[in-house]
Undergrad: 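One structure is given below, represented as structure tokens, and several questions about it will come after.
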Amino acid sequence: MGIMGLALAWETRIPALAQRERRVEPFRGHVAAPDAAEAGRAEDTVLAAACQSGDLRAYERLYSLHGARMKNLARNILGSSTDAEDAVQETFLKVQRGIASFRGQSSFVTWTFRILVNTCYDVRRSRLRKKEVAADDEQHRDDAAPRSEPRAPVAHPSLRLALERALAKLTRHQRDVFLLYEVEGFRHAEISSMLEISQAASKNTLFQAKKNLRRMLEPPGGSYAAGAR
């Protein structure tokens, strides 16, 4: 599937090829100092407790802190700003309905993003089912219809468009781990909790994703790779 409007908040770590591109929507996060990290964990705990007590202001705080990042991730997974908005809204409803089940095994924010990712998966499955039904209907209507000639491919597509297409060819897990790590800046420990996989699996999946992207994005003859040597 396509990933249109990809919000690439990263500088790709694919050698040589992406060094020619500027960052798009750069991720503004940074490695927190110990005091800041401790303060973040404390706020996460307080926020979770407030949400569990039914304080609506806590949900507003959660949205103000992480709403934009949640929309960015959902848009990258789903390829649609409208679907991303809907997924984030649905996520907050699920957080409110399921807050009693939060036990603190992971951070509250990580738990929330796990719900968001699963919500996006539900949207993708729903899309697939609708496409399959529509394709069957279209096939019945068009079996006897004349076929139009396909459009010629766009010459020299931009790296960004090429990257969107390459990402769409990755497996679901490779694409999602890549987006969570490279675009959204999550650590493997957080990704493993969101996707319910081991940290080792997260790291390996990221390695395979980047390897596949390099293969798909490198021009014939490996001119970029050759120039990097």
Side-chain angles (χ1 to χ4, degrees), residues 3 6-15 18 23 25-52 58-59 61-78 84 87-88 91-92 94-95 98-122 124 167 170-214:
I3 305 181
L6 184 68
L8 295 177
W10 55 295
E11 183 172 3
T12 315
R13 300 176 191 177
I14 300 173
R23 292 186 178 186
E25 296 183 17
F27 174 63
R28 301 299 183 183
H30 61 279
V31 178
D35 289 345
E38 185 62 33
R41 285 191 292 270
E43 180 173 16
D44 185 89
T45 301
V46 171
L47 194 60
C51 287
Q52 286 180 317
Y59 290 100
R61 175 65 173 166
L62 178 64
Y63 184 83
S64 68
L65 288 173
H66 304 286
R69 195 179 184 191
M70 292 171 71
K71 289 179 186 177
N72 188 65
L73 174 60
R75 183 170 62 250
N76 282 338
I77 292 176
L78 298 173
V88 171
T91 295
F92 271 85
K94 289 179 179 178
V95 168
I99 189 63
S101 67
F102 177 67
R103 293 290 182 267
Q105 291 92 341
S106 62
S107 78
F108 181 51
V109 171
T110 297
W111 181 75
T112 301
F113 271 86
R114 181 195 303 166
I115 294 174
L116 173 64
V117 169
N118 288 333
T119 300
C120 290
Y121 287 172
D122 290 341
R124 291 200 303 206
L167 280 169
L170 296 177
T171 66
R172 188 194 76 180
H173 280 297
Q174 287 178 0
R175 182 168 60 251
D176 293 344
V177 170
F178 183 87
L179 289 172
L180 286 166
Y181 186 88
E182 292 288 357
V183 178
E184 301 305 329
F186 286 105
R187 301 186 304 274
H188 285 293
E190 296 169 312
I191 296 171
S192 68
S193 179
M194 290 179 201
L195 303 184
E196 298 181 333
I197 59 178
S198 68
Q199 290 190 49
S202 178
K203 293 177 181 178
N204 183 62
T205 301
L206 178 64
F207 173 80
Q208 292 298 328
K210 293 167 76 172
K211 178 180 178 181
N212 289 336
L213 287 173
R214 280 195 297 269

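In this text the structure is predicted, and so the values were computed from the model without any measurement.
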Undergrad: What is the distance from atom CG of Asn212 to atom CZ of Phe207, rounded to the nearest 0.5 Å?
TA: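 Asn212 CG to Phe207 CZ: 9.5 Å, rounded to 0.5 Å.
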Undergrad: For the residue pair Phe102 and Trp111, does the interplanar ring angle fall in the parallel (under 30°), tilted (30 to 60°) or perpendicular (over 60°) class?
TA: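 Answer is tilted, since the angle falls between 30° and 60°.
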Undergrad: Carefully, step by step, assess Phe92 and Leu62 under the rule side chain to side chain contact (heavy atoms under 4.5 Å, CB included).
TA: CA-CA 9 Å; Phe92 271 85; Leu62 178 64; 3.7 Å; yes
Undergrad: Return the NZ to CD distance between Lys211 and Gln174, rounded to the nearest 0.5 Å.
TA: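 Interatomic distance, Lys211 NZ to Gln174 CD, rounded to 0.5 Å: 10.5 Å.
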Undergrad: Between Arg175 and Phe178, is a side chain to side chain contact (heavy atoms under 4.5 Å, CB included) present by the stated rule, with each step listed?
TA: CA-CA 5 Å; Arg175 182 168 60 251; Phe178 183 87; 5.7 Å; no
Undergrad: Within the side chain of Thr45, is there an N or O that forms a donor-acceptor pair under 3.5 Å with the backbone of Arg41?
TA: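 Answer holds: yes.
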Undergrad: Could you go through Phe108 and Val95, starting from their C-alpha distance and side-chain angles, then the distance that decides it, and tell me whether this counts as side chain to side chain contact (heavy atoms under 4.5 Å, CB included)?
TA: CA-CA 10 Å; Phe108 181 51; Val95 168; 4.2 Å; yes
Undergrad: Taking atom CZ of Arg187 as the centre, does the number of heavy atoms from other residues, nucleotides or ligands within less than 6.0 Å exceed 12?
TA: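 Check fails, neighbour count at 12 or below.
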Undergrad: Can you tell me how far apart SG (Cys120) and CZ (Arg172) are? Round to the nearest 0.5 Å.
TA: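 So the gap between those two atoms works out to 11.0 Å.
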Undergrad: How many angstroms lie between atom CD of Gln199 and atom CD of Glu190, to the nearest 0.5 angstrom?
TA: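 Reported value, rounded in 0.5 Å steps: 10.0 Å.
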Undergrad: Counting N and O atoms only, with roles assigned by atom type, does the side chain of Arg75 sit under 3.5 Å from a partner on the main chain of Ala84, one being a donor and the other an acceptor?
TA: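 No: the side chain of Arg75 does not pair with the backbone of Ala84.
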Undergrad: What are the two closest non-hydrogen atoms of Ser192 and Ser198, and how far apart are they?
TA: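 What the structure gives for the nearest pair is CB-C, 3.8 Å.
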Undergrad: Say whether, by atom type as modelled, one donor and one acceptor occur between the side chain of Arg61 and the main chain of Leu47 under 3.5 angstrom.
TA: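 No, the answer is negative, given that no donor and acceptor are paired below the 3.5 Å cut-off.
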Undergrad: First locate atom OH of Tyr121, then atom CG of Leu195, and finally report the distance between them rounded to the nearest 0.5 Å.
TA: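 Those atoms lie 4.5 Å apart.
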Undergrad: Under 4.5 Å between any side-chain heavy atoms of His188 and Leu206, yes or no?
TA: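 Side-chain contact under 4.5 Å: yes.
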Undergrad: Provide the closest heavy-atom pair for Asp44 versus Val109 in the form atom of the first, atom of the second, distance.
TA: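 Answer, listing the atom of Asp44 first, then Val109: OD1-N, 3.0 Å.
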Undergrad: With rounding to the nearest 0.5 angstrom, report the CD to CG distance, Glu184 to Asp176.
TA: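 Rounded to the nearest 0.5 Å, the CD-CG separation comes to 11.5 Å.
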Undergrad: Test side chain to side chain contact (heavy atoms under 4.5 Å, CB included) on Leu65 and Glu43 and set out the steps.
TA: CA-CA 11 Å; Leu65 288 173; Glu43 180 173 16; 3.6 Å; yes
Undergrad: Is there a donor-acceptor contact under 3.5 Å from the side chain of Asn72 to the main chain of Ala68?
TA: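 Pair absent, no side-chain N/O of Asn72 close to backbone of Ala68.
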Undergrad: Report yes if the side chains of Leu180 and Met194 come closer than 4.5 Å at any heavy-atom pair, otherwise no.
TA: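 Yes, their side chains come closer than 4.5 Å.
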Undergrad: Between Leu116 and Met70, which heavy-atom pair has the shortest distance, and what is it?
TA: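 It is CD2-O, 3.5 Å.
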Undergrad: Locate the shortest heavy-atom distance separating Leu78 from Ala87; write the atom from each residue and the value.
TA: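 Taking Leu78 first and Ala87 second, the nearest heavy atoms are CD1-CB, 4.1 Å.
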